[in-house]
Engineer: 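Supplied in structure tokens, the structure appears directly below.
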Amino acid sequence: MTRTEDASCYLKSLNSLNPEITVNSGQMFLWENYKNSWYGVYKSHILKFSLDHKNSSKGTYDHLYFDSLPELDNWQQLVFRLDDDVNYISSCLTNDNMISQLFKKYSGLWLMRQDPFQCMISFACSSNTNIPMIRRMLKNLCRKFGIKREIDEKKFFTFPTTKSLAKASINELCSCGIGYRAKTIKSLTEKIIIGTLNIEELSRSKYDEAKEKLLGIYGIGNKLADCILLFSLEKTEAFPIDVWIARSIYSYYRALLNQESFKLDIKSTKLSPNKYNLLSKIMRQHFGKYAGYAQQYLYYHMRCSANKKW
DNA sequence: CGCCAGGCAACGG
DNA sequence: CCGTTGCCTGGC
């Protein structure tokens with residue numbers, strides 16, 4: 001176990017992070033908060049960061065500590081996307097008045113980078129259910145197929161490896177309460193093991209090409225594919241549309257929609273693949289290369305407005 | 001009990 | 001193309 005004391009070279013950007021908002025924005029299923037520390041499962045590692053001496057007038061932190069078990073050198077660079085040029089990204093998006101406001105309102109909401117395999121399994125579990133259920137399913141999978149680790153006298157289980165899930169039977173997977181999603185996890189892990197699905201290749205590929213590959217997997221449709229692309233495969237232009245984002249489009253972005261291309265029914269947030277592609281294209285054209293960032297803020301805003309308790 | 005929840009595939013017009 | 005239906009599961 002190593003400890004990075006007050007990583008001053010990152011402090012400038014990291015101290016504006018709001019972990020509560022970020023973790024609760026629905027993308028980080030296996031992160032938990034105890035006192036002033038946050039713990040997260042990342043592949044076979046347990047990551048930890050602690051915040052001290054919050055400056056309440058500025059809303060910033062004086063000290064940040066990073067840990068990992070086993071050691072994962074400089075994980076904060078990777079996971080918090082410190083390579084992103086936040087000023088540039090914001091300049092790309094703040095021509096949009098709505099996003100400009102949301103950037104201010106929810107400052108500290110960050111896009112995080114997930115491990116691709118973990119991200120695929122996580123969103124495979126997300127279909128037709130809610131966040132507490134997704135958490136439960138993933139924890140069950142970790143308990144059954146991961147490795148126990150202890151940190152600060154708290155017990156965690158690491159995320160299962162591709163191999164360990166590939167070896168599992170459908171029944172064993174189902175015992176984790178994932179139901180019909182077991183089939184998706186099975187086809188996903190099999191394709192990775194035999195090499196039909198190559199994560200490195202997906203990362204290198206352009207958005208359209210990578211998405212096409214993901215859509216070839218049983219159980220992965222438009223929405224799940226876009227989540228995987230945005231959160232783990234470097235496709236910041238991906239703009240996942242779930243019911244909440246669909247509502248936000250109908251509420252705030254009607255002007256962008258072409259009336260003749262499809263008749264909009266405000267109540268109908270269910271999208272056919274065709275409608276999804278059309279909407280997704282319109283939004284990606286509107287927001288550009290960092291559309292996924294805009295999506296994240298819109299999503300969080302819609303959920304907050306609806307008083308969702310995560 | 002029926003209905004719903006951050007989707008998807010299969011099937012019939 | 002469209003719309004409908006069933007699906008694991010747990011909470012209300």
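What you see is a predicted model, and the numbers here were worked out from it, not measured in a lab.
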Engineer: Would A:R303 count as a cation-pi partner of A:W244, with NZ or CZ less than 6.0 Å from the six-membered ring centre and within 45° of the ring normal?
Structural biologist: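 Geometry flag: set, cation within 6.0 Å and 45°.
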
Engineer: More than 12 foreign heavy atoms under 6.0 Å from NZ of A:K289: is that the case here?
Structural biologist: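 Correct, the count exceeds 12.
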
Engineer: With rounding to the closest Å, how many angstrom separate the P atoms on C:dC7 and B:dC1?
Structural biologist: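 These two P atoms come out 15 Å apart once rounded.
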
Engineer: Are A:S272 and C:dC2 close enough that a side-chain N or O sits under 4.0 Å from OP1 or OP2?
Structural biologist: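 Yes, within the criterion.
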
Engineer: In whole angstrom, what separates A:D226's CG from B:dG7's P?
Structural biologist: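 After rounding, the reported distance stands at 13 Å.
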
Engineer: Convert the base pairs of DNA chain B into dot-bracket notation, remembering that pairs crossing earlier ones are written with [ ] and that bases paired across to another strand are shown as |; include only Watson-Crick or G-U pairs under 3.5 Å.
Structural biologist: .||||.|||||||

Engineer: Considering the options A:R135, A:K154, A:K139, which one meets the salt bridge (charged side-chain N to carboxylate O under 4.0 Å, His left out) requirement together with A:E32?
Structural biologist: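 Of all the options given, the one that passes is A:K139.
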
Engineer: Given atom CG of A:N222 and atom C1' of B:dG6, what is their separation to the nearest angstrom?
Structural biologist: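 That distance rounds to 15 Å.
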
Engineer: Just the rounded figure in Å: distance from C1' of B:dG7 to CG of A:L214.
Structural biologist: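 Nearest whole value for this atom pair: 15 Å.
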
Engineer: In whole Å, what separates the P atom of B:dC11 from that of C:dC8?
Structural biologist: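 Rounded to whole Å, the distance is 15 Å.
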
Engineer: Any Lys/Arg nitrogen of A:K35 or A:D152 sitting under 4.0 Å from an Asp/Glu carboxylate oxygen of the other?
Structural biologist: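 Looking at A:K35 and A:D152, the cut-off is not met.
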
Engineer: Could you run down nucleotides 6-12 of chain C 5' to 3' and tag each one B, S or - for protein heavy-atom contact under 4.0 Å?
Structural biologist: -BBSSS-

Engineer: Hey, is A:R204 close enough to A:E234 for a salt bridge, meaning N to O under 4.0 Å?
Structural biologist: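 Salt bridge flag = no for A:E234 with A:R204.
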
Engineer: With nearest nucleotide decided by heavy atoms, which residue, A:G219 or A:F29, maps closer to the 5′ end of DNA chain B?
Structural biologist: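 So the residue in question is A:F29.
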
Engineer: When we call it a touch if two heavy atoms are under 4.0 Å apart, what does A:I220 touch: a base, just sugar-phosphate, or nothing?
Structural biologist: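 Sugar-phosphate, backbone atoms only, no base.
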
Engineer: Round to a whole Å and report the spacing from CG of A:L224 to C1' of B:dA9.
Structural biologist: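 After rounding, the gap between these two atoms is 12 Å.
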
Engineer: Are the aromatic ring centres of A:F159 and A:Y42 under 6.0 angstrom apart?
Structural biologist: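 Aromatic pair excluded; centres sit 6.0 Å or further apart.
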
Engineer: Atom CG of A:N24 to atom P of B:dG6: distance rounded to whole Å?
Structural biologist: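 Spelled out: CG on A:N24 to P on B:dG6 is 15 Å.
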
Engineer: The test is ring-ring contact (aromatic ring centres under 6.0 Å, His included); show your working for A:Y293 and A:F103 and say whether it passes.
Structural biologist: CA-CA 10 Å; A:Y293 268 82; A:F103 267 38; 7.5 Å; no

Engineer: What contact category does A:F123 fall into here, base, sugar-phosphate, or nothing, at under 4.0 angstrom with non-hydrogen atoms?
Structural biologist: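 Base contact.
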
Engineer: Taking the six-membered ring for Trp and the full ring for Phe, Tyr or His, determine whether the centres of A:F66 and A:W75 are under 6.0 Å apart.
Structural biologist: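 Close enough - the centres of the two rings lie under 6.0 Å apart.
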
Engineer: Just the rounded figure in Å: distance from P of C:dC2 to NZ of A:K270.
Structural biologist: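 These atoms are roughly 16 Å apart.
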
Engineer: Whole angstroms only, please: what is the OH-P distance between A:Y300 and B:dG6?
Structural biologist: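 Those two atoms, OH and P, are 16 Å apart.
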
Engineer: What distance, rounded to whole Å, do you find between the two P atoms, one in B:dG6 and one in C:dC2?
Structural biologist: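 Approximately 24 Å lies between the P atom of B:dG6 and that of C:dC2.
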
Engineer: CD1 of A:I228 versus C1' of B:dG6: gap in Å, rounded?
Structural biologist: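 Going from A:I228 (CD1) to B:dG6 (C1'), I get 14 Å.
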
Engineer: Looking at A:K213 and A:E201, does any basic side-chain N land under 4.0 Å from a carboxylate oxygen?
Structural biologist: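 Looking at A:E201 together with A:K213, the answer is yes, because their closest N to O distance falls below 4.0 Å.
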
Engineer: Determine, using ring centers only, whether A:Y65 and A:F49 are less than 6.0 Å apart.
Structural biologist: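 That pair fails the under 6.0 Å test.
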
